[in-house]
Asks: 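This is the structure I want to talk about, given as structure tokens.
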Amino acid sequence: LELPNQYLVLPGLVDVHVHFRDFDLSYKEDAISGTQAALAGGYTAVGEMPNTRPPIKTVELLRRKIEEFGKKTNLHIRHYFGAPQDPSLLKDALNNGAYAVGEVFPEEVLEYGGDQYLESLFREAARVGIPVIMHCEDPIIINQYSGPRGFEYHNAIRGPRAELACVHNVIRLVYRYGTKVHITHITLPQSISMIRLSGLDITFDVTPHHMLLSQEECLARAEKPAYCKVNPPLRDETTRRELLAMFVRGEVPIVASDHAPHADWEKDKPYDEAPPGIVGLETTAPLLLTLWRRGFVDLGTVMRAIQERPAKFLGLNVGIKQGSCADLTIINTKARHRIEPEKFRSKAKYSPFKGFEVDVAVVATILHGKLAYISEGHIDDATRKLLESSLPH
Ligand code: DOR
């Protein structure tokens with residue numbers, strides 16, 4: 001296949017943290033719309049979070065979810081298990097297809113017994129050999145906060161000291177039990193330094209929104225304040241810049257979108273009542289690859305963060321394979337345009353990145369050797385015809 005040279009063929013992208021919702025929350029997103037959003041964003045594999053309704057905390061529900069998703073999508077998916085109140089469930093979960101324990105939320109930790117619960121979860125996960133994906137926000141601080149609600153409340157309970165306290169605790173637990181841990185959506189350069197200094201094999205990811213948007217800038221630009229509400233909250237400008245600088249230097253191993261769709265009417269609510277979450281599957285690759293096109297970062301650094309290392313973390317052989325089963329993403333590197341959330345395939349058609357100018361567009365995604373997505377714009381007719389005629393779909 002010979003494409004004009006502004007097109008680049010990349011191995012299929014991989015996101016370790018997405019929410020496809022489904023079941024009772026399918027009004028926000030489901031396995032089908034989530035898959036379409038992934039493909040439109042160049043992703044061929046994802047790690048899917050268990051905070052559906054009902055949450056995936058029993059082996060029966062896990063099996064049901066894997067079966068239902070299997071009927072709706074052929075994306076490469078790793079399913080995470082919800083943190084169970086009784087950690088002895090982990091073995092059964094692992095044997096029934098859970099890839100990791102995902103979504104260990106501070107609220108859950110509190111409800112299940114705080115530090116003692118975490119000790120038993122980490123001990124059991126290490127014994128069974130299942131990884132734990134931590135959301136690093138310290139639950140204790142939730143109990144201590146009694147100030148006003150709104151921005152202050154959100155930032156206080158999930159502020160920098162909450163993250164630092166949690167990272168510190170995770171290091172202690174991994175040192176003690178040897179659990180395989182991945183800390184998701186790290187927001188502070190200091191957390192990254194702590195993990196590095198610990199010398200332990202703790203992996204982590206950072207989101208594009210924490211690297212590219214400060215809370216202040218987001219609120220100044222976004223149509224609705226709730227579009228900026230996310231857990232953990234966006235940080236200040238100095239922190240954001242330092243985090244981005246670390247990514248540019250190759251010190252951020254994995255970038256994950258934390259694609260967290262909600263209905264527009266939910267995001268219409270005032271900040272303190274709206275659910276947290278930013279959708280990211282359709283913006284991550286264009287945003288990060290634009291940083292490359294504009295000379296801020298190497299292509300290798302971007303691809304290691306959104307393809308190579310996440311694929312390794314998920315134990316997936318996604319990318320260029322022999323014969324007909326390749327998973328590939330084709331981008332147009334000369335496609336300057338503005339991000340238009342109205343065109344997202346996700347059910348959530350809003351984004352704090354609305355109007356951001358990017359230089360790169362995902363134009364086609366090949367899944368299991370078949371043309372699974374081709375974009376409406378940003379591709380010339382001859383290339384479109386060539387792809388459509390030469391690839392099975
Ligand atoms: O903002 C967030 N939303 N962060 C999370 O960790 C969960 C997610 C959700 O499920 O909406």
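When a ligand or atom number is given, it counts from 1 through the structure's own listing order.
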Asks: Can you establish whether the number of heavy atoms outside R172 located under 6.0 Å from its atom CZ is more than 12?
Replies: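 Yes - once you tally the heavy atoms of other residues, nucleotides and ligands closer than 6.0 Å, there are more than 12.
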Asks: Can you name the one residue among L94, N96, L90 that meets side-chain contact (heavy atoms from CB on, under 4.5 Å) with D92?
Replies: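 With D92 as partner, side-chain contact (heavy atoms from CB on, under 4.5 Å) holds for just one option, N96.
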Asks: Enumerate the protein residues lying less than 4.0 Å from ligand 1, judged by heavy-atom distances, in chain and residue-number order.
Replies: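 Close residues (ligand 1, cut-off 4.0 Å): H19, R21, N51, F105, H135, H185, V230, N231, D258, A260, H262, P276, G277.
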Asks: Say whether N332 and H378, considering side chains only, have a donor N or O and an acceptor N or O under 3.5 Å apart.
Replies: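 Looking only at side-chain atoms, H378 and N332 do not form any donor-acceptor pair under 3.5 Å.
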Asks: Under a 3.5 Å threshold, yes or no: a donor from one side chain and an acceptor from the other, between S191 and E163?
Replies: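 Distance-only check passes for S191 and E163.
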Asks: According to the ring-ring contact (aromatic ring centres under 6.0 Å, His included) rule, which pairs have a member within residues 228-255, sequence neighbours left out?
Replies: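 Pairs touching residues 228-255 that pass the test: none.
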Asks: If you measure from the Lys or Arg side-chain nitrogens to the Asp or Glu carboxylate oxygens, is any gap between E223 and K267 under 4.0 Å?
Replies: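 Result for this pair is no, no salt bridge flagged.
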